[in-house]
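To start, the structure under review is shown below, and the notes come after it.
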Amino acid sequence: MIELEGVPELIDPVMVAAFEGWNDAGDAASTAVAHLDKEWKGEVFAALDAEDYYDFQVNRPTVWLDAGVRKITWPTTRLSVVRVGGEKPRDLVLVRGIEPSMRWRSFCNELLGFAHELGVELVVILGALLGDTPHTRPVPVSGVTSDPDLARTMDLEETKYEGPTGIVGILQEACTHAGVPAVSLWAAVPHYVSQPPNPKATLALLNRLEDLIDLRIPLGELPEDARAWQLGVDQLAAEDSEVAEYVQTLEEARDTAELPEASGEAIAREFERYLRRRDGGGPTAQAGGHATEGGESASFLRDGPAGRTRPPKPLRPDTDADAGPDAGPGTDSARDAGSASGSDSAADTGPDTGRDTDGDSSEDSSED
């Protein structure tokens, strides 16, 4: 039994989780949970034992100085809780960590133990995948679930995916088998500009989460960061005719695919979000921040010792989009993004997929 000392009784709690690594293209999902934790000043109340789940040669610990004293931060998964005020206050349990290297079933069971003890009513897992989507269009975000009833009541897609999966898929299946309602939200990140950060994808995930749980999320400087990011990619694409031509091809394919689906539903959803933000006011209103090209939101644009960093050359339309270990499935719409990779959650495959994980690229991310 998990004993949670110092954690008050929660109000209508929802667990929101994201994991760095295979399921986190552009760090979009983990950054979204980090944003929630920062904006609502989350308080960490638990951390999983790093020894049980991580290979330290894959995800290395970091050493740092605190007032002259050397300390070590171990890669792990931490849980924090935030209370969202307003007319109808509710609590969020935020789970932020790195995809584990081993013992995935035990890992999921431990998280489910916390969910049960805290009375969590819904688990939302955020993910991001690489896909054939143009950076100039809205980021496709698909919501999938393994529960047919939940799919009907929340207007989600019931996953039919079969194939290799990550911890997002395994955790969703574990929730389903344990009778805990679970949803995965997947953002499609352009594969030709996959370097983190990707504030536009992070913003899209938070907007979709806001709609799903009917909760106004303070966005801070994310909208400005997203605009600065897109401007930076526009400029890089304009410098390379092949990239510009490929982006145009993706735009045409995307527009053609979405034309029959341009219903009033998406417009109504955006209008409802606008009204929610306009009427919200108060201390959680958006900050008027501004990001420039050289800012953190577009750090890949900075000039380095070898000159300006450029996005990788895009794959030609006639090549195999899955050539690389992290290549996207070639999605053109939000629906395709969910069925091609976001629906990882339906697979029963273990973590040993033979594909590289990029979890070790963010070793110190759990210091927060």
State whether the side chain of Y192 and the backbone N or O of V247 hold a donor-acceptor pair below 3.5 Å, judged by distance alone.
-> no
Is a donor on one side and an acceptor on the other found under 3.5 Å between the side chain of N23 and the backbone of I167?
-> yes
Are a donor atom and an acceptor atom from the side chains of S146 and Y161 found within less than 3.5 Å of each other?
-> no
Does D24 use its side chain to pair, donor to acceptor, with the backbone of A28 at less than 3.5 Å?
-> yes
Check the hydrophobic clustering (I, L, V, M, F, W, Y; side-chain heavy atoms under 4.5 Å; chains of links allowed) and say if V124 and M154 are grouped together.
-> yes
What is the distance from atom CG of L231 to atom CG of L236, rounded to the nearest 0.5 Å?
-> 10.0 Å
Walk me through it: do L111 and L79 pass the test side chain to side chain contact (heavy atoms under 4.5 Å, CB included)?
-> CA-CA 9 Å; L111 290 180; L79 291 84; 4.2 Å; yes
OG1-CD distance between T77 and E110, expressed to the nearest 0.5 angstrom | 9.5 Å
Could you check if a side-chain atom of D234 sits within less than 4.5 angstrom of a side-chain atom of H135, using non-hydrogen atoms only?
-> yes
Considering all heavy atoms, the nearest L10-R83 contact = CA-NH2, 4.1 Å
If you round to the nearest 0.5 Å, how far is OG of S194 from CG of D27?
-> 10.5 Å
Is a side-chain donor or acceptor of R103 paired with a backbone partner of D52 at a separation under 3.5 angstrom?
-> yes
Could you please spell out the steps behind the side chain to side chain contact (heavy atoms under 4.5 Å, CB included) verdict for V14 and E121?
-> CA-CA 6 Å; V14 173; E121 300 176 348; 5.6 Å; no
Which residues share a ring-ring contact (aromatic ring centres under 6.0 Å, His included) with F56, sequence neighbours left out = W74
Taken to the nearest 0.5 Å, the spacing of L209 CG from I217 CD1 works out to 4.0 Å
Between R70 and V63 the two heavy atoms that sit nearest each other are NH2-CG1, 3.1 Å
Indicate yes or no: at least one non-hydrogen side-chain atom of L156 is less than 4.5 angstrom from one of L212.
-> yes
Donor-acceptor contact below 3.5 Å, side chain E251 vs main chain T136 = no
T76 side chain vs L48 backbone, donor-acceptor pair below 3.5 Å = yes
For T145 and A182, indicate whether the former's side chain and the latter's backbone hold a donor-acceptor pair under 3.5 Å.
-> yes
Flag yes if more than 12 heavy atoms outside E252 fall under 6.0 Å of its CD atom; otherwise flag no.
-> yes
Any donor-acceptor pair under 3.5 Å linking the side chain of K200 with the backbone of R137?
-> yes
So, does H35 use its side chain to make a donor-acceptor pair with the main chain of P218 at under 3.5 Å?
-> yes
Interatomic distance, CH2@W186 vs OG1@T159, rounded to 0.5 Å, equals 10.0 Å
Could you grab the distance from atom OG1 of T31 to atom CG of L126, nearest 0.5 Å is fine?
-> 11.0 Å
Which atoms form the tightest heavy-atom contact between V33 and A18, and what is the distance?
-> CG2-CB, 3.5 Å
Does the side chain of V95 come within less than 4.5 Å of F114's, by heavy atoms?
-> no
With side chains defined as the heavy atoms from C-beta onward, is the minimum distance between L118 and F45 less than 4.5 Å?
-> yes
Measure across C108 and L171 and return the closest heavy-atom pair with its distance rounded to 0.1 Å.
-> SG-CA, 3.7 Å
State which residue, out of F19, F107, W104, fulfils the ring-ring contact (aromatic ring centres under 6.0 Å, His included) condition with Y53.
-> F107
Of all heavy-atom pairs linking L205 and A187, the shortest is CG-CB, 3.7 Å
Find out whether L150 and T176 are in side-chain contact, i.e. whether some heavy atom of one side chain is under 4.5 Å from a heavy atom of the other.
-> no
Side-chain touch R254/P140, heavy atoms, less than 4.5 angstrom | yes
So do L222 and P199 actually touch side chain to side chain, heavy atoms under 4.5 Å?
-> yes
Heavy atoms only: give me the nearest P13-G119 pair and the separation to one decimal.
-> CG-O, 3.2 Å
Under a 4.5 Å cut-off applied to non-hydrogen side-chain atoms, are N207 and L219 in contact?
-> yes
Presence of salt bridge, R227 and E224, under 4.0 angstrom = yes
Side-chain donor or acceptor of S80 paired with backbone N/O of G42 under 3.5 Å = no
Under the side chain to side chain donor-acceptor pair (under 3.5 Å) rule, collect the residues that match up with D147, sequence neighbours excluded.
-> none
